[in-house]
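This report refers to the structure that appears directly beneath it.
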Amino acid sequence: MLDIKTIRKETELVKNKLSSRNNEFIQKLEELLFIDENIRKLKIQIDELKSQRNSLSKSVKSKEEAETIKEKVKEINNQINLLEEKSEQYEEEINQIVWYLPNMPSDEVPQGKDESENVEIKKYGQIPIKTRVEDHFIIAERKNIWDQNNTTRFCGSRFSSFVGLGAKLQRALINFMLDEASQNGYTEISTPIIVKSNALKGTGQLPKFEEDLYKLTEDDLYLIPTAEVTLTNFFANDNLLNNEDLPKRLCAYTTCFRREAGAAGRDTRGLIRQHQFDKVELVHICKAEDSEEEHEKLVRNAEKILEKLELPYRRILLCTGDMGFSAKKCYDIEVWFPSQNNYREISSCSNCGDFQARRLNLRFKRDNASKPEFLHTLNGSGLAIGRCWAAIIENYLKEDGDIEIPQVLRKYMNGLEII
RNA sequence: GGAGAGAUGGCUGAGUGGCUGAAAGCGGCGGUUUGCUAAACCGUUAUACUUAUUUUUAAGUAUCGGGGGUUCGAAUCCCCCUCUCUCCGCCA
């Protein structure tokens with residue numbers, strides 16, 4: 001959530017920043033400021049009336065005295081009620097705007113309308129020259145390590161199962177990634193995958209992106225689309241963190257659920273876009289002045305996973321038009337897919353600044369004497385398991401049709417070298 | 001799911017209608033004493049919003065789990081919700 005004071009004081013800056021994402025926000029900002037102005041005028045009146053009421057009530061010492069002011073106070077209360085009703089209406093209108101405004105992009109973020117204007121930052125690894133290239137789902141079905149047809153029969157489209165050594169390979173990836181994160185200083189947390197709407201509101205998935213989520217209507221709960229939700233919420237809830245608690249670096253392996261509304265027809269075959277997938281998520285919670293550095297660390301930690309798996313990748317800096325709602329700066333890591341002759345996203349590492357912290361009231365105190373300050377939150381995949389699985393299958397495909405197991409994973413698969 | 005108990009400041013914990021933004025203790029911060037440390041003593045110590053401002057503060061409003069109600073006046077009385085604890089039932 002943006003700071004209403006910033007919107008008031010630096011209106012032009014906020015306008016520029018938000019319109020660099022999308023023009024629809026300019027009018028919203030104008031509306032917001034107008035209502036905000038009205039609310040404050042009302043608040044002055046209300047506070048004045050309340051002040052009158054309080055001083056009248058305080059002057060009363062006995063029941064008999066109360067009689068003399070009863071009428072006056074009742075009249076004041078009537079006025080207050082009227083004004084407050086109006087003020088609540090305005091409040092509601094402001095919420096309808098402010099919770100739907102995205103974060104302001106950082107200055108370093110390139111201007112652009114869509115993914116075509118993203119900027120490549122670096123490339124790692126040699127793109128293999130292969131004599132045999134197949135789609136991962138072709139290989140996986142041939143090797144009987146993955147099932148689509150059966151699974152869609154009882155689950156519907158965009159669901160699939162890992163089978164046999166395929167399931168073991170998935171498990172190896174999970175363990176490998178969690179171990180890497182632990183070694184890099186992350187605290188592993190195993191969180192629930194069902195959350196209340198407030199948690200999703202805090203991280204920015206709600207209220208704007210309800211259609212992307214699976215909802216348990218009976219209990220007003222949601223399946224998480226990413227463990228960013230549970231990890232970022234972990235220390236929220238009004239508990240102040242201390243200086244020495246920071247930075248927090250958390251990781252979690254969870255299953256994630258996305259309805260993929262609006263993705264009809266895209267990546268319909270294979271593992272790239274499923275309704276349910278596994279992911280190891282990395283979250284940093286840190287002080288404002290550290291978040292740039294933490295962001296670089298986070299993205300490096302994600303990249304190092306691919307380096308150890310010896311998979312070619314590139315790092316992309318997303319442009320203003322392609323960035324997610326809560327991010328002020330975002331790197332995508334894309335891994336090489338031979339069958340597509342292209343790189344595909346495998347991790348998205350966002351610095352959200354204080355945007356989520358404001359929504360969550362996630363704050364800390366520098367020391368006992370200082371005021372609470374909002375923290376900065378960052379998140380990134382480290383990595384998406386399914387896409388990583390698919391990338392390994394394709395990149396490690398040998399000429400004879402077998403799949404080599406990456407060196408670092410063999411100890412997680414009882415020394416198995418070939419599938 | 002059934003029965004009961006509870007939720008107060010950084011923490012412990014008092015408070016059943018006004019003088020309570022909140023006793024007391026602990027902790028924190030500042031100071032006195034001291035060769036240094038400890039102890040003792042004194043003072044101070046919540047958050048948000050609004051207005052004014054000489055940007056330091058001052059004033060006002062709200063906040064005792066959340067929401068609503070009664071009342072001139074609510075931490076205190078009433079209703080609803082959430083969460084925690086104990087016992088019973090069920091269960092991986």
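Below, read A as the first sequence line, B as the second, and so on, with proteins coming before strands; counting in each chain starts at 1.
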First encountered from the 5' end of RNA chain B, between A/Lys70 and A/Lys196: A/Lys70
Whichever of A/Glu71 and A/Glu88 has its nearest RNA chain B nucleotide further upstream toward 5': A/Glu88
What is the distance, rounded to the nearest whole Å, between atom [atom1] of [X] and atom [atom2] of [N]?
| X | N | atom1 | atom2 | answer |
| --- | --- | --- | --- | --- |
| A/Lys50 | B/rA59 | NZ | P | 20 Å |
| A/Ile39 | B/rA62 | CD1 | P | 17 Å |
| A/Ile76 | B/rU71 | CD1 | P | 16 Å |
| A/Ile80 | B/rC72 | CD1 | P | 14 Å |
| A/Phe374 | B/rU47 | CZ | C1' | 11 Å |
| A/Arg363 | B/rA46 | CZ | P | 14 Å |
| A/Lys365 | B/rG27 | NZ | P | 17 Å |
| A/Leu56 | B/rU71 | CG | C1' | 15 Å |

Taking atom [atom1] in both [N] and [M], compute the distance separating them and give it to the nearest angstrom.
| N | M | atom1 | answer |
| --- | --- | --- | --- |
| B/rA92 | B/rU82 | C1' | 26 Å |
| B/rU8 | B/rA75 | P | 16 Å |
| B/rG9 | B/rU63 | P | 15 Å |
| B/rG13 | B/rG6 | P | 14 Å |
| B/rA24 | B/rC85 | P | 32 Å |
| B/rG15 | B/rG21 | C1' | 14 Å |
| B/rC90 | B/rG17 | P | 45 Å |
| B/rG25 | B/rU32 | C1' | 23 Å |

RNA chain B base-pair string [pairs: Watson-Crick or G-U under 3.5 Å; |: paired with another strand]: ((((((((.[[[..)..(.....]]]((((((.......))))))(((((((....))))))).[[[[[..)....]]]]])))))))....
Tell me whether [X] at atom [atom1] has more than 12 heavy atoms from other residues, nucleotides or ligands lying less than 6.0 Å away.
| X | atom1 | result |
| --- | --- | --- |
| A/Lys411 | NZ | no |
| A/Lys143 | NZ | yes |
| A/Asn414 | CG | no |

Aromatic plane relationship, A/Phe355 with A/Phe325 - under 30° parallel, 30 to 60° tilted, over 60° perpendicular: perpendicular
Touch class at under 4.0 angstrom, heavy-atom based, for A/Lys74 against every strand present: sugar-phosphate
Smallest separation among heavy atoms of A/Ala302 and A/Leu383, with atom names: O-CD2, 3.8 Å
A/Glu404 and A/Lys398: CA distance, side-chain angles, deciding distance, salt bridge (charged side-chain N to carboxylate O under 4.0 Å, His left out) verdict: CA-CA 7 Å; A/Glu404 199 185 334; A/Lys398 302 199 300 173; 5.9 Å; no
Reference residue A/His284; test side chain to side chain donor-acceptor pair (under 3.5 Å); the match among A/Lys297, A/His376, A/Glu294: A/Glu294
Candidates B/rC72, B/rU47, B/rA62 - which lies nearest the side chain of A/Pro372: B/rU47
What nitrogen or oxygen pairs link the protein and nucleotides 49-51 of chain B at under 3.5 Å?
unit_1	atom_1	unit_2	atom_2	d
B/rU50	OP1	A/Arg8	NH2	2.6
B/rU51	OP1	A/Arg40	NH1	3.0

[N] phosphate, OP1 or OP2, under 4.0 Å from [X] side-chain N/O:
| X | N | answer |
| --- | --- | --- |
| A/Asn54 | B/rG18 | no |
| A/Lys58 | B/rG18 | no |
| A/Arg53 | B/rG18 | no |
| A/Ser51 | B/rG60 | no |

Exam field: side chain A/Asn103 to backbone A/Cys352, donor-acceptor pair closer than 3.5 Å: yes
Distance-only donor-acceptor pairs under 3.5 Å for side chains of residues 3-10 of chain A, two or more places apart:
unit_1	atom_1	unit_2	atom_2	d
A/Asp3	OD1	A/Lys5	N	3.2
A/Asp3	OD2	A/Thr6	OG1	3.4
A/Arg8	NH1	A/Asp36	OD1	3.1
A/Arg8	NH1	A/Asp36	OD2	2.8

Polar contact flag, side-chain donor to acceptor under 3.5 angstrom, A/Glu281-A/Tyr186: no
Modelled atom types, side-chain donor and acceptor of A/Tyr313 and A/Glu307, under 3.5 Å: yes
